[in-house]
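Heads up, the thing below is written out as C-alpha cells.
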Amino acid sequence: MWKEIGDREAGKLRPKSFANSIKSNRIRTLQLSNHKDIVSPHRGAINSLQEYNEIGVDLTEGRYLLSGASDASAAVYDVQRSTDYEGGGLIARHKCIFVVDKQHENGHKYAISSAIWYPVDTGLFITGSYDHHINVWDTNTTQVVMNFKMPGKVYRTAMSSLATSHMLIAAGTEDVQVRLCDIASGAFAHTLSGHRDGVMTVEWSTSSEWVLVTGGCDGAIRFWDIRRTGCFLVLDQSHSQLGRRPPITERSTTNKALASKSLSAVQSLYPKPRGQQRKLANGNGTKQSLGVKMAKGSVRQRLHPGMLSIQDHATAHYGAVTGLKLTEDGMYLLSAGEKKKERTVVEVVDKEGSDSRLKLWDVESGCNTLVNFETVRLQTSKPIQLATTQDSSLVFVPCMTAVKAFDVWSGRTSSTFRGHYEYVNCCWFSFQDQELYTGGNDKQILVWSPSRLIGDDLVLTLQLRIFNPLKIVHILHMMKDLLRIRTTGVIDIGRCCILAFDLRLLDDDIPLGPMD
Amino acid sequence: MEEEREEGRKVRTLIEKATNSTAAEVDPRLLKAIKSVVRYSDPELRLAAQTLMDLMKRDHSQVRYLTLLIIDELFMRSKLFRTLLVENLDQLLSLSVGFRRNLPLPAPPAVASVLRSKAIEFLEKWNTSFGIHYRQLRLGFDYLKNILKLQFPNLQAHAARLQQERRERERRSKEILVNKFEFLKENFSSMKEEIKQTVDEIGECLDIVCTKEEAVPLGPVDDEDFVEFHSSELLQIRLNALKEGEKVHENSDNKVIFDALRESYKLLATKHLGLVQESISVLVRVEVADNRFRDSILKELIDIRNHLQSVKKKCEESGCALPTTANHDEEEEGFWEEGKIGSLENRRSAVPAKQNDDFSMAFTSNELKIKTPTSRHKDCNDSEMLIREDAKADSNSLRSKLLSEAPLMNWGSFLDNWGSNREILANQRGLELESHWGRVDYNAVIPAEKIAELNVHSTLYKEEQTEILPCRAPLRKGGVCQRRDLRVCPFHGPIVPRDDEGKPFDQTSPKDKINVDCRIDLVEHLAKQAVTNVRERDKEVAKKREIDKQSLKRAKLAKIREHNEVVLRDAALASTSRSAAIAEDMEATNNKKDTLSSMLRKKVTTKDRIAQRLLNTRAKDATVRELSLGEDANYREAFPNQW
C-alpha cells in the first residue's frame, strides 16, 4: 500500500490504475464478513439482489440494496449505515428499511424472481414475479405505480443503465417472446420474437442503450437491436476463437497479422453488432470499431433483417441459458447454461447441476473464446445472477451452495466462498465497497467483504509512515475516490473529511466535527 | 524437514489411533497426547484439522463420532483451529448432523443418532461461546435452528432458567425469614411474658406438690435392709408398699393443682418450647443489617430455652405432670395381656400417673428394676429373650410357610456365590500357571448372567423314606407282631395304634369305663382328647407331608421348565447370527482390530433369512416361468405356423 502511494505521489501510477490496484488487492482478501450482517426478513429463497449503482452522480450511490425473494417479498436495505449493533458493537446489523410482501394490497402473489432499481434514481424499483406480473413501485410511498400483465411467469427483468432516450423494462418470461414494457406510457413497446422456448435471462448491453441480450431455455443467446425487428446476432457455440483478443492498441502494433486474420474470418460471417452510442470504458476502441463498422456496413445491411435460418438455429448452450453477464466495457459476454438438454428424470435427480458450464463470448466477433472455467456446477432449474468486478477480471458465479470467483480470462478459480447452506441464486458485487452480496435458498443474504476496511488500511499506513499533516491531506486528496464512509455514523460532507475524522480519532481521541 | 514430516505423521497416527476404537469416549491419554503435540506448533494443528476433516468423511459413524469429540476438544481451545474449521463448517455439519438428504449418516444407526445429537449439542455450545466472532457459526446455527427446525438442547437457556428458579426460591425464603424476624421482633416481649407466666405457674404448682411430698416419710432409708431379702416376690411386695406410701397421690384435694400443672406442662412442652426453638433457628438463618439486636435476642432466647428445658425436666422428675394420652393406654393394655414386661422399660416415661390396681403392679415392678441394678440387668436379658421368642412366634407362621415352600438344596460350593451378581475374572485362579500356549488376557471376565447359567442346578427326585410302623398286635406266644405293613397286616387286620401290650387304644376305654366308674367322665374325656390329639397330629403330619410332596413336585416342575428354557435359549443363541454378533461384541474387548467393521456388518435376522429364502423360491419360480416362456417364444418364432 505504501509503495503504491509513493508511486502515485511520484506520478509513476495513473490515478485509475492506482485505484484499481488497491481495489484488486482488497478483492483478493474477500471473506465472509463478521462485522456486517444483513438481516433478511424473507421467508423464502432470495432470488435477486441489486444495489443501486449509478456511477459518480451523488452520494447515494451503492448504498441501497434491493432483494427479491420466493415468498413474494422484496426488501430494501441500507448497506452503509447499520440499524443496530450486536456483541458490543462488533457486529453491525442492517435491517431492512422496508419490505413489501403478500400482505401489501398490490403485492405479488407468488415468488418474486427479479427485483431491480430504476437506473436513474432510487425513487422507483421494479419487481417481476411468477404471478405473471411486473410491478413498478414507488420507493418512498411503497405503492405500486404501474403494473404490467405478462403472458407467463416472469423470470428476469432488466433496465438499461445507459439509456437516455427510453425507459424500457425488458422482461424474460415463460413465453417465447421477450417483451419491452415502457414505463413512460405504461404499455408494451415491443415484443421480440425469435426464441423457441421461455426466456430465462435478459441483459442490456453495457455499451449501447439499444442493444439487448437474451438467453433462453432453448439454449440460444440472442442479441437484439430494439430499433429494428428481429435479432441481429445468435451466438453459436461451434464458432470459436482461441483466447481473448489482445488489447486493441497492442494488436495494432505487435500482433496485427494474426488477430486481424482471425477477426476478419469471423466478421465476414457476422454483422457488426454495435449501435452508434457506444461507450467504451477505454476510449481507444471507438475509432477502431468505427472503422470496422464502416468496412462491414454493406454486409450488415444485406444480412440483418432476415438472417440465414441456419444461423438463426444456432445455440450457445445445449441446455437452457440460466445466466448472462456482460463485462463492464461491454466487449465480452459471460453465459451460464446447461451442457445438455435431454436428460432423463433420474439423471436430473442424480446429478442436478453437475453438467453445466460457463462460457465467455467475444461480443465483437460472436465467438466462443473457449476459456475453460474449472469445474463449474450450477443449478439449472432457476435463473442465476452472475456478477463481475469493475475491471472484469473476476466473475462471481453461484455454484450450488458456494459462490466461486473465476478469473475471466484464464478460467481459473480464484477463490471459493462457502457460507450458504443451500443453493445460491444470486450475487451482487459492490464496486464502491468491494463487497460481495450473495443470496440463496437458505433465506440468507451474506456479505463478503475485504478483511480490513480501507480506512483501517490507510490509517495504519499513515500512522506508520507519515507525520506531516500536509502530506496527509495530500494523500487523502489522492485517495478520495477510494474512500468510503465507515460505520462510525459521520456522513454527508465529503469522504476526505470523514477519513480525517477517523484519523483524528485515532490520534488524540478528540472527534472533530465535520469540516466545512 | 524430515523431522517435521515425522512429527506430522505423529499427530496423524495419534488421531487415527484415537478414532479407531469402539469406545464411547476418546482415550483420555491419546487425547492428551494429541493436545500436547498440537499445542506447540501451528503446522501440526493445520495437519490435525486436515486429518480430522478427512476422518469425518469416513463411512463409519463411530469414527466420525470420535473425530467429532476430538474436534470439540480442539475447537474450544485453539483459535487457529477454529478459523480453519469454520471455513468448512457446512461440510462438517453435513457430515456430523447429516442434514443433507443425499448425504445421510453412515452405518451403525445407534452411533449415528448419538453422533447427530452430540453434533447439535456441540454446535450450540460453540455458537454460544464463539458465535460472535464467527459469522459461519452463527449461520450454521441459524440454519439448523430456523430453517431445518432442528431441536437444540438449549443448554444455556436451561441452565439459566434453573439458576433463575433457584435464585427466586432463595429470595422468597429469605423474604419469609425476614418477615418472621420482623414478627419476632414485634412479639418478642409478649412472648417472653407469656413464657415467664407459664414457668411461674409450673413453679408454684411444683412447690405445692413438693411440700406435700416432704410431709410423707421417705422410704429409701430402709432400702439397704431389703437387699437381704432373698425372695424376689417378697421384695417386690415390700417395695410396692413403700412406693405406694411415697407417692403423692392425686385426690380430690390436690386435683386442681395437678390439673393446672398438667396443663401448664403441656403448654410448655408443645407450644413454648417449639416456638422458642423455631425462633432460634430463624435468628440463626436470617440476614439483617442490625446484627446486634439479633444477637441479643438470640442470647436471650437460648437462655429461655435452657430454662424451659430445666423446668420441663423438673416436671418430669416429679413424675406426675405427664398428661395421659389414649394411645399410651392402649399400648399398655396390650403389653399387659401379652405379658411383655421387657418392652415396658422404654415406656417408663409414658406411664400414666393415674393407675388402677392392676396397673400399679406392673408399674412398681418396673420401678423396682430401676432401683436394683442387678436384677434389672437380669430382667433385661430375660426380656430380650422374651422379645426374641416373641418375634419368633410372630414370624413363625410366615417363616414356616416360606420354609415349607422353599426347595431343599444340597450343599455345594455354588452356595458360596448364592445370590451374588458379580462378574468373575475368568483367568485368575490364584495360581500363576505359565503353561499356556497362547497369550492370556487376565482381565477377561465371565459376565454374571453366564455365571448364573453355569450355576443352574439340577436335582434328582428322591423318594422320601417313611417309617412303616409295626403292626404290634398281641401274639399268642407273647409279644407283639413286628410285621411292618402300610395299612393292613395280613394276619391282624388294619393297623391301629396300640399300647405296649398290643391293645388298640379305642378298645381300652370301654373296659376302663366299667372298672372305674367314678372317674369315667374324666378318663373318657382324657382318652378322647388323647385320641383326637394323636389323630390330629397324624393328620397334620400327613398334611404336611402332602404339602411337602406338592411343593417338591412344583419345584421339580419349575426346575424342568427352567432347564428347558435354558436349553432352548442356548440353542437359539447358537443359531441366530444376532447372538453371534453379541458374542463378537464380547470378543471385541479382546480384539479391537475388526470391531469397527463388525459394527457395520449387517445383522441378519431370522426374518431376513426367511425373506431371503422366500425371495429365492420366488425368483426361482420366476426364472423357471421366464425360461419356459422364452422357450415358448422361441418355439413360436421358429415354427410360426405350428402353434
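Chain A is the first sequence line, chain B the second, and so forth, proteins listed ahead of strands; every chain is numbered from 1. Nothing here was measured: the structure is a model prediction, and the numbers come from that model.
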(request) Decide yes or no for B:H60 and B:V111: does some side-chain heavy atom of the first lie under 4.5 Å from some side-chain heavy atom of the second? (result) no
(request) Taking the side chain as every heavy atom from C-beta outward, state whether B:L69 and B:F122 have any pair of such atoms under 4.5 Å apart. (result) yes
(message) Report which part of B:N88 has an atom under 4.5 Å of a heavy atom belonging to chain A: side chain, backbone, both, or neither.
(response) side chain
(request) Would you indicate whether B:R613, at its atom CZ, is surrounded by more than 12 heavy atoms from other residues, nucleotides or ligands within a distance under 6.0 Å? (result) no
(request) With the side chain counted from C-beta on, respond yes when B:R138 and A:D37 share a heavy-atom pair under 4.5 Å apart, and no when they do not. (result) yes
(message) With a 6.0 Å cut-off on the ring centroids, do A:W448 and A:F417 count as close?
(response) yes
(message) What part of B:D142 gets within 4.5 angstrom of chain A, counting heavy atoms only: side chain, backbone, both, or neither?
(response) side chain
(request) Go through the atoms of B:Q91 and report whether side chain, backbone, both or neither lie under 4.5 Å from a heavy atom of chain A. (result) neither
(message) Between A:H420 and chain B, with a heavy-atom cut-off of 4.5 Å, which part of the residue counts as in contact: side chain, backbone, both or neither?
(response) backbone
(request) Below 4.5 Å from any heavy atom of chain A, which atoms of B:F99 appear? Answer side chain, backbone, both or neither. (result) side chain
(request) Against chain A, label B:L93 side chain, backbone, both or neither, depending on which of its atoms sit under 4.5 Å from a heavy atom there. (result) side chain
